[in-house]
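Presented below is the structure to which this report refers.
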Amino acid sequence: MKLNELMQGYKPDPAYVGWVTNDDYVFAIDTAPDKSTAVSDYEVVEMGITGLDAQLNPVTQDKQYIRAGQTTMKTGTQRSFKVAGDRYIGDPAQDYCLSHKSKYGTGNGVVTNYVYFNILNGKGEKGQVSIVVNSDGSGNAGESSAIDIEFKKIGAMPVEYTYESTATEETEGGTGTSEEEESNAG
């Protein structure tokens, strides 16, 4: 399912306050990163997915200083997403991640763009990840075929992203003028 199809039933409120569940987060990937794909055309990673584990893994360096003692300095953050679930052939996101090219590719051949945001307030991030397939199907006889895929940040730090319903969404930056703003301007 494309991001614009998913979001037809939702209107994020930037002022939302309240509890959040894991189902309130959207993780969508670009299945054609070699083309100029609008964020609204990214494929949502959700079909057959039982778990999305979004991790921020800080990188630190410890040093001992004279009279100051032990000090820990944060030197970076590795963003990663771990997706687990059941294999569904025909889902564009799964088919892309589990293609021969993605399973055995290296370097830029397995890099794609992503957005990750909260569906309630529209706030999140946008960046690039490497696709790391750990399992393309496992389980016992009679069980669903389980998959395990990791997406690890590559390159520059992800940028802040705010989802906005738009007919003319930019491919860079992730925001545009909403249809409501356009009608109020005219």
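Keep in mind that this is a model prediction, so the values were computed, not measured. When reading the values below, keep in mind they use all heavy atoms of this one structure, side chains included, and skip hydrogens, waters and symmetry mates.
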Any chance you could lay out the side chain to side chain contact (heavy atoms under 4.5 Å, CB included) test for Tyr114 and Gln128, step after step, and finish with the verdict?
-> CA-CA 6 Å; Tyr114 79 93; Gln128 288 192 311; 5.6 Å; no

What heavy-atom pair brings Lys74 and Pro58 nearest, and what distance separates the two atoms?
-> CE-CB, 4.4 Å

Enumerate the residue pairs fulfilling ring pair (Phe, Tyr, Trp, His ring centres under 6.0 Å) with a member in residues 51-78, sequence neighbours excluded, ordered by first and then second residue.
-> none

What about the rings of Phe117 and Phe27, do their centers lie closer together than 6.0 Å?
-> no

Set of residues satisfying salt bridge (charged side-chain N to carboxylate O under 4.0 Å, His left out) with respect to Asp148, sequence neighbours excluded | Lys82

For residues 3-25, which residue pairs qualify under ring pair (Phe, Tyr, Trp, His ring centres under 6.0 Å), counting only residues two or more places apart or in two chains?
-> Tyr25-Tyr116

Which residues pass the salt bridge (charged side-chain N to carboxylate O under 4.0 Å, His left out) test with Asp95, sequence neighbours left out?
-> Arg87

Shortest non-hydrogen pair, Val110 vs Ser102, comes out as CG1-O, 3.4 Å

Charged N-O contact under 4.0 Å between Lys126 and Glu160 | no

Take Tyr161 and Val39 through the test side chain to side chain contact (heavy atoms under 4.5 Å, CB included) and record every step on the way to the result.
-> CA-CA 11 Å; Tyr161 173 82; Val39 172; 3.4 Å; yes

Kindly compute the distance separating NZ (Lys152) from OG (Ser130), expressed to the nearest 0.5 Å.
-> 9.5 Å

Contact check, side chains of Val129 and Ile154, non-hydrogen atoms, under 4.5 Å | no

Does Ile149 reach the side chain of Val132, with side-chain heavy atoms less than 4.5 Å apart?
-> no

State whether the number of non-hydrogen atoms from other residues, nucleotides or ligands found under 6.0 Å of Ile89 atom CD1 is greater than 12.
-> no

Is there a side-chain contact between Ile49 and Ile147 (heavy atoms, below 4.5 Å)?
-> yes

Can you name the one residue among Val26, Ile29, Asp41 that meets side-chain contact (heavy atoms from CB on, under 4.5 Å) with Leu3?
-> Val26

Would you call Asp136 and Lys103 a side-chain contact if the rule is heavy atoms closer than 4.5 Å?
-> yes

Answer whether the closest heavy-atom distance between the side chains of Asn57 and Arg79 falls below 4.5 Å.
-> no

Sorted by chain and number, sequence neighbours left out, side chain to side chain contact (heavy atoms under 4.5 Å, CB included) with Thr106 holds for none

Nearest 0.5 Å, what's the OG-OH distance between Ser40 and Tyr163?
-> 7.5 Å

Separation of Ile119 CD1 from Asp13 CG (nearest 0.5 Å) | 13.5 Å

Quick one: does Gln94's side chain have a donor or acceptor within less than 3.5 Å of a partner on Asp91's backbone?
-> no

Cluster link Val111 to Val133, ILVMFWY, side chain under 4.5 Å = no

Do you know the tightest heavy-atom contact between Asn22 and Leu52?
-> ND2-O, 3.2 Å

Are any non-hydrogen side-chain atoms of Asp62 and Met73 less than 4.5 angstrom apart?
-> no

Gap between atom OG of Ser144 and atom CG of Asn140 - 0.5 Å precision = 11.5 Å

Find the distance between CD (Gln55) and NZ (Lys153) and round it off to the nearest 0.5 Å.
-> 15.0 Å

Exercise: identify the closest heavy-atom pair between Ala93 and Val45 = CB-CG2, 4.1 Å

So how far is it from Lys2 NZ to Met7 CE, rounded to the nearest 0.5 Å?
-> 16.0 Å

Shortest non-hydrogen separation from Ser145 to Gly137 and the atoms involved = OG-CA, 3.1 Å

Which pair of heavy atoms, one from Asn121 and one from Lys123, lies closest together, and at what distance?
-> OD1-N, 2.9 Å

Beyond-backbone contact of Met47 with Met1, side-chain heavy atoms, under 4.5 angstrom | no

Is the closest side-chain heavy-atom distance between Glu164 and Pro12 below 4.5 Å?
-> no

Counting only heavy atoms not in Lys101, do more than 12 fall under 6.0 Å of its NZ?
-> no

Among all residues two or more places apart in sequence or in another chain, which pass the side chain to side chain contact (heavy atoms under 4.5 Å, CB included) test with Pro33?
-> Asp30, Tyr96, Thr112, Asn113

CG (Asn108) with more than 12 external heavy atoms under 6.0 Å = no

Between Thr37 and Tyr42, is a side chain to side chain contact (heavy atoms under 4.5 Å, CB included) present by the stated rule, with each step listed?
-> CA-CA 7 Å; Thr37 308; Tyr42 285 13; 4.0 Å; yes

